[in-house]
Amino acid sequence: MPRPIQATIHTQALHSNLNQIRSHAPDSKYWVVVKANAYGHGIERVMNGLRAADGFALLDLNEAQRVRDLGWRGPILLLEGAFELRDLELCSRLDLWHTVHCEEQIDMMAAHKTHLPHRVFLKLNSGMNRLGFAPAQYRSAWARLNALPQVDEISHMTHFADADGPKGIAAQMQQFTQATHDLPGERSVSNSAAILRHTQLAQEADWVRAGIALYGSAPDYPENGIDYWNLQPTMTLEAGIIGIQNLQPGDAVGYGSTFVAEHPMRIGIAACGYADGYPRSCPTGTPVLVQGQRSSTVGRVSMDMLAVDLTHLPQAGMGSKVTLWGRAASGAILAIDEVATSAKTVGYELMCALASRVPVVVE
Ligand SMILES: *Cc1c(COP(=O)(O)O)cnc(C)c1O
C-alpha cells in the first residue's frame, strides 16, 4: 500500500469558482491565471475546470507550451513578457500575447523577426514599483511600440498592490486612467481581490485577471472567508493516521518536546509532514479535520508526520482520514486560509508548495 497521503483537485469547484467570480463582472473577459503550475494544482489538472476562461495568463514559456499542448487555441498572456530575444520566437510560433514592461523588451521587439505582428500588453507602474513604465514614460513607450511593424494591437495593464486592504485601489487607478485615457486599446486591471471587492472597476475593464479566488482561497481573509465569497476549495490534502499514542500528564510530543500534555490525551500520527508541503511553521492548535470533525495539531510538524488530537474523537483510530485543508468525505470544509493564517502566511504559499511526492488525483 502506498503511504496514505493524497491531494485531490476538484474540477467542479474550479468551474463553480470561475462562474462565481464571473458574476461580479459578467461583461469583462477573464484571464485565468495559471502561473506557478496553476498555483500548485498542476496545469493539466485544472484545465478541464477552467475551460470557460477567455484566456490563460502565466509566466513561463514552458507552461504556455503545455497549455497549447492541451488543445487551448484561445489567448495566452505572458504576464512578465519575454526574458530574452529568443522567447519572442516562441511567442510568434505559439501565438502568445505578452506584456511589455520595460525599454529592454521594446528593444527586443524591434530586433524580432516575425511575419505576424504580436498582440502586446503595455504595463504601467501605477505605484506598486515592481514592473512597468513610470507614468511619465508611459506615452513615449506606447509611441515607440506603436511605431514597430512587429506590433499589432497594444492593450494597457496595471497591477494593484492594495486591492485586498483598506488602502484600496483609488490612487493607482487614477494614475492608470491619467496615463491611458486617450490611448486606443483594451484595458486590463484587477486581480482576484479587486474583482471581488472593487466590482464596479472590474466591470469597466475589458480584461480582468483572476488567480487565487479560482483556487478557493479568499484574497482578503480573515476579513472575509471563502464562504462569504461563495468559493469552494479546489485542492484537498488528506492523510491517514498511521499511529496512536496515549499520553499521560507530563508526556511530550514530537521534536523539541514543545508540547507537553496537561491531562490524559489520545493523539493520532498522520502521514503528512513538511516534506509534503505542510508548513513546519504551523504551531500546536492548527485546525485539521479528522473524519470530517474539527480537531487540531499537537507539537511540531516533522518531515513526514504530524500529530493530531483525538482525545474528543473516540471513534477515530488507525486509518482514519485527516484533512489538512480542503473538503473531507463528509463534505465538511477546512479552508486553506485558516491553515495559512496559523502558519503566518497566505493560502497562495501553501497551495504552491504542495510537494511532488504527494500523489494527486483529479475528481
Ligand atoms: C498573479 C497575478 C494576478 C492574479 O492575482 P491573484 O491575487 O492571484 O488573483 C493578476 N495579475 C498579475 C500581473 C499577476 O502576476
Side-chain angles (χ1 to χ4, degrees), residues 14 17-18 20-22 24-25 28-41 43 46 50 53-61 63-64 67 75-83 96-102 105 120-133 155-165 167-169 172-173 176 186-199 201-202 205-221 223-226 229 231 233-235 335-337 340 345-353:
L14 287 160
N17 291 347
L18 177 53
Q20 186 58 39
I21 299 164
R22 225 187 236 289
H24 286 257
S28 300
K29 288 178 279 187
Y30 278 69
W31 288 116
V32 156
V33 181
V34 292
K35 63 191 178 189
N37 199 22
Y39 290 48
H41 289 58
I43 286 178
V46 301
L50 298 177
D54 299 294
F56 287 85
L58 39 73
L59 315 176
D60 273 349
L61 286 124
E63 291 184 339
V67 172
I76 296 178
L77 175 64
L78 294 178
L79 290 166
E80 293 180 347
F83 304 104
L96 308 180
W97 302 4
H98 52 95
T99 302
V100 172
H101 65 75
C102 60
Q105 287 179 331
V120 298
F121 277 63
L122 186 62
K123 185 159 191 177
L124 175 75
N125 170 15
S126 57
M128 193 173 188
N129 288 307
R130 288 192 321 190
L131 301 181
F133 291 92
S155 305
H156 308 278
M157 70 186 287
T158 197
H159 192 55
F160 299 131
D162 299 286
D164 56 333
K167 190 169 170 198
I169 52 151
Q172 282 192 265
M173 198 53 208
F176 184 66
E186 292 191 322
R187 278 143 179 78
S188 174
V189 292
S190 296
N191 55 1
S192 298
I195 297 167
L196 297 176
R197 293 171 63 94
H198 304 279
T199 297
L201 173 70
D206 299 294
W207 288 92
V208 294
R209 307 186 300 270
I212 193 68
L214 291 169
Y215 302 102
S217 167
D220 55 354
Y221 189 85
E223 185 182 336
N224 296 304
I226 52 170
W229 295 119
L231 301 170
T234 58
M235 177 194 283
I336 197 168
D337 300 323
T345 181
V346 286
Y348 298 73
E349 190 175 0
L350 268 55
M351 54 181 82
C352 288

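Worth saying up front: this structure is predicted, and the values here are computed from it rather than measured. Counting convention: from 1, in listed order, for ligands and their atoms alike.
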If only side-chain N and O atoms count, and only distance matters, is there a donor-acceptor pair under 3.5 Å linking [Y] with [X]?
X    : Y    : result
S155 : E186 : no
S190 : R209 : no
S188 : H156 : no

Checking a contact table here: which protein heavy atom is nearest [atom], and how many Å away?
atom                    : result
atom 9 (O) of ligand 1  : S192 OG, 2.5 Å
atom 14 (C) of ligand 1 : K35 NZ, 3.0 Å
atom 11 (N) of ligand 1 : R209 NE, 2.8 Å
atom 4 (C) of ligand 1  : Y39 OH, 3.5 Å
atom 7 (O) of ligand 1  : Y348 OH, 2.6 Å
atom 12 (C) of ligand 1 : H159 CE1, 3.4 Å

Could you tell me whether E80 and R130 have a side-chain N and a carboxylate O separated by less than 4.0 Å? no
Salt bridge D206-K29, side-chain N to carboxylate O under 4.0 Å: no
Can you confirm whether or not the ring centre of F121 sits under 6.0 Å from the ring centre of H98? no
Is it the case that over 12 heavy atoms from other parts of the model lie below 6.0 angstrom from the CD atom of Q20? yes
Output the distance between atom CG (D162) and atom CE (M128), rounded to the nearest 0.5 Å.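 Separation between the atoms: 8.0 Å.
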Show me which atoms of ligand 1 lie under 4.0 Å from any heavy atom of I212.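 Once the distances to I212 are compared, the set is 6 (P), 7 (O), 8 (O), 9 (O).
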Polar contacts were defined as any N/O atom of the residue lying under 3.5 Å from an N/O atom of the ligand; does this apply to M157 and ligand 1?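 No - when backbone and side-chain N and O of M157 are compared with those of ligand 1, no distance drops under 3.5 Å.
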Is it the case that ligand 1 has an N or O less than 3.5 angstrom from some N or O of L79?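 So ligand 1 has no N or O lying under 3.5 Å from an N or O of L79.
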Is it the side chain, the backbone, both or neither of W31 that has a heavy atom closer than 4.0 Å to ligand 1?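 Near ligand 1, W31 shows nothing, with every heavy atom at 4.0 Å or more.
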Hey, looking at atom 5 (O) of ligand 1, which of N191, L131, I21, V34 has the closest heavy atom? N191
